[in-house]
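One structure is given below, encoded as structure tokens.
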Protein chains: 2
Amino acid sequence: MLQRGAMESTAIELEGQAGDAKRNLTQGMLDALGKAIVTGRYDMRPFPTEAEIARAYGVSRSVTREAVKMLTAKGLVQAKPRQGTRVQPFQAWNLFDPDVLRWLLERKFSIEVLRHFTQLRRGIEPEAAALAATARDGAAIDTVYRELERMRAAERGEDDPLAADIAFHLAILSASGNPFFLQFSRVVATALTTSIRFTNRIKGHTASIAEHRDVADAIEARDPERARACAALLIDNVLDLVDG
Amino acid sequence: MLQRGAMESTAIELEGQAGDAKRNLTQGMLDALGKAIVTGRYDMRPFPTEAEIARAYGVSRSVTREAVKMLTAKGLVQAKPRQGTRVQPFQAWNLFDPDVLRWLLERKFSIEVLRHFTQLRRGIEPEAAALAATARDGAAIDTVYRELERMRAAERGEDDPLAADIAFHLAILSASGNPFFLQFSRVVATALTTSIRFTNRIKGHTASIAEHRDVADAIEARDPERARACAALLIDNVLDLVDG
DNA sequence: ATTGTCAATTTATCATATAAATCGTGCTGT
DNA sequence: ACAGCACGATTTATATGATAAATTGACAAT
């Protein structure tokens, strides 16, 4: 029952629960099908045909087709005449698509995923810090120091420690001056936010201001190698906690 | 003139050149609009309405709508009733979508994009090599050596050098055992294949077999730090070519 | 000046018809 | 018996027209 307005549809309202993100029928459809795919609902049974989806959810074929096209654009499915729409293998999925990432995290989160996230950060953030040290963007470096100051304020109880920590790491990604690194903002924010929820161990652990400052100072000093090493140390600490 | 079959359309065939990837009208439309967006055709003028696109390209509204939906899924545009479809700011684009990346690299003045992407590889691949050295997946390491052998064969003219080079790097990403690193397989392959075609500079350069072997040996020897360093050296060489 | 109303524009949705691609089946000819 | 071809069935692809919903801007009323 994705149905919103009336129109002349005769579909009975008994299916669906298209989630929250239903700004319109197509978005709701996309969300419902996306979640269903990542949770493996079609691993054993075939993906439904246009007609079946339209009937099951009580929407027109236009809506189902446009939703399926969007899933195709995100790499989740592939449609062919006569053979129908098929769920693509996992490695074809675009994991860095915000929707895909969200669907995945809502259900499939685990320590395993968190470790993989953190290993990715171990690759990304040191390089971003090194680039930031090379780029010499004064305004961006100012932001890094401002977020560092925010971490200090958080330590005094004047700000949210987690939010400040996240902001610092995003500032470094931004200071790299490389749009590809900026794309990881969402991943980093997610990884840090959920770290807390999944490892009690980290809860007591307050991020070391000194080690964060070392990264900022190395960037300021235009020393890429030191920036890389200091940033790597930060992530290695997280990795130790996650790996146990 | 995206027109393929006949049907009863009366559109005159005078627009388009939807590129190569027109396995069907919608794909061709997606490709044409995607390229137009990344090359800035709509920076100064508004994005056309459904009706305008359909008329200009001689396709039905179904096709234009589905193409626009796919562009929406990739973060390039956003459609709203009455205001029409708008090109989203660059930060909203999903740069890790293979289509988006290809469009970016195919346009003129893409050296900047290529440099940024290579900087990303500088972060990713060394870490992947280090993880591979830790993971100790025998079968994956065998694949790495098989691709290395393929590079040797290519040097003797028995295989495609570019394809072999790409396959080696993908094998390392795969050997990391981390799905997020595996994600980069598609974009790395896309970036290397398209950028080589569009930049003459790198063309003559044949990759060093010895330096590639060093990476494989370090992984085999289970020496993460050496694997990381050797892989970094490989990318640094590419970076010199792009920067220089 | 603020508010409410209405018309216009554009996307969103529905419905239906036809084309194209592909798979399986069964026939046909040897 | 078997290879190949014709044909029907299924599913997506495309075209078309109609109506709904959302939003903007102009304009009128207070």
Side-chain angles (χ1 to χ4, degrees), chain A residues 1-13 16 18 21-33 42 45-73 77-88, chain B residues 1-13 16 18 21-33 42 45-73 77-88:
Chain A
M1 53 114 254
L2 285 171
Q3 222 67 353
R4 281 187 316 165
M7 265 200 178
E8 61 271 57
S9 172
T10 57
I12 310 152
E13 307 198 357
K22 48 173 167 178
R23 296 167 32 198
N24 56 41
L25 288 182
T26 307
Q27 289 293 324
M29 198 75 212
L30 172 67
D31 210 58
L33 291 176
Y42 306 116
R45 97 195 76 191
F47 195 85
T49 66
E50 277 180 23
E52 286 170 344
I53 299 176
R55 182 158 37 78
Y57 287 84
V59 298
S60 71
R61 276 181 45 228
S62 314
V63 170
T64 74
R65 280 190 58 80
E66 285 167 16
V68 167
K69 282 294 179 187
M70 295 182 83
L71 291 171
T72 305
V77 303
Q78 187 68 48
K80 281 183 178 298
R82 166 76 202 203
Q83 9 186 132
T85 304
R86 289 178 179 170
V87 174
Q88 293 293 102
Chain B
M1 55 110 257
L2 285 171
Q3 223 67 352
R4 281 187 316 165
M7 265 200 178
E8 61 270 58
S9 172
T10 58
I12 310 150
E13 307 198 355
K22 49 173 169 179
R23 296 167 30 195
N24 56 40
L25 289 181
T26 306
Q27 289 292 326
M29 198 73 208
L30 171 67
D31 209 58
L33 291 176
Y42 306 115
R45 96 194 77 191
F47 195 85
T49 67
E50 275 181 23
E52 287 169 344
I53 298 175
R55 182 158 36 80
Y57 287 85
V59 297
S60 71
R61 285 185 351 265
S62 316
V63 170
T64 74
R65 280 190 58 82
E66 285 168 16
V68 168
K69 282 294 180 187
M70 294 182 83
L71 290 170
T72 305
V77 302
Q78 187 68 49
K80 280 183 178 298
R82 166 77 203 204
Q83 342 182 161
T85 304
R86 289 180 180 170
V87 174
Q88 293 293 102

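For clarity, every value in this text was computed on a predicted model and none was experimentally measured.
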Using nucleotides 8-10 of chain C, report all nitrogen or oxygen pairs with the protein that are shorter than 3.5 Å.
from	atom 1	to	atom 2	distance (Å)
C/dA8	N3	B/Arg82	NH1	2.9
C/dT9	O4'	B/Arg82	NH1	3.3
C/dT10	O2	B/Arg82	N	3.1

request  = Could you tell me the separation between the CD atom of B/Gln27 and the C1' atom of D/dT12, rounded to a whole number of Å?
outcome  = 13 Å
remark   = Interatomic distance, OG1@A/Thr26 vs CE@A/Met29, rounded to 0.5 Å, equals 9.5 Å
query = Does A/Thr26 make a side-chain N or O approach to OP1 or OP2 of C/dT13 shorter than 4.0 Å?
reply = yes
query = Just how far, in rounded Å, is P of D/dT14 from CZ of B/Arg23?
reply = 11 Å
query = Rounded to the Å, how far apart are B/Glu66 CD and D/dA15 P?
reply = 10 Å
key: Spacing between A/Phe47 atom CZ and D/dT11 atom P, to the nearest angstrom   = 14 Å
query = When the distance from CG of B/Asn24 to P of C/dA19 is rounded to whole Å, what number comes out?
reply = 18 Å
request  = Identify, with sequence neighbours excluded, every residue that meets side chain to side chain donor-acceptor pair (under 3.5 Å) alongside A/Arg61.
outcome  = A/Glu50
query = So do B/Ile53 and B/Leu33 actually touch side chain to side chain, heavy atoms under 4.5 Å?
reply = yes
Between N or O atoms, less than 3.5 Å apart, protein on one side and nucleotides 4-6 of chain D on the other: list the pairs.
none

inquiry  = Whether the side chain of A/Ser60 and the base of C/dA15 hold a donor-acceptor pair under 3.5 Å is what I'd like checked.
reply    = no
inquiry  = If I take atom CG in residue A/Leu25 and atom P in nucleotide C/dT11, what distance separates them, rounded to the nearest angstrom?
reply    = 18 Å
ask   = Which value, rounded to the nearest 0.5 Å, describes the distance between A/Met70 atom CE and B/Leu71 atom CG?
value = 10.0 Å
query = How large an angle, rounded to 10°, do the end axes of the helix from C/dA1-D/dT30 to C/dT30-D/dA1 enclose when each is built from five base pairs?
reply = 10°
Check: residues 80-88 of chain B side-chain donor-acceptor pairs under 3.5 Å, at least two apart:
none

task = For A/Arg86 and C/dT22, give me the distance from atom CZ to atom C1', rounded to whole Å.
result = 11 Å
task = Apply side chain to side chain contact (heavy atoms under 4.5 Å, CB included) to the pair B/Arg65 and B/Lys69, showing each step before the final yes or no.
result = CA-CA 6 Å; B/Arg65 280 190 58 82; B/Lys69 282 294 180 187; 4.0 Å; yes
task = Give the rounded distance in Å between these two atoms: CZ of B/Arg55 and P of D/dA15.
result = 16 Å
message = The criterion is side-chain contact (heavy atoms from CB on, under 4.5 Å); which residues satisfy it with B/Ser62, sequence neighbours excluded?
response = B/Ser60
note = Of B/Pro48 and A/Arg61, the one whose nearest nucleotide on DNA chain C sits closer to the 5' end is B/Pro48
key: Nearest heavy atoms of B/Val68 and B/Val77, plus distance in Å   = O-CG2, 3.8 Å
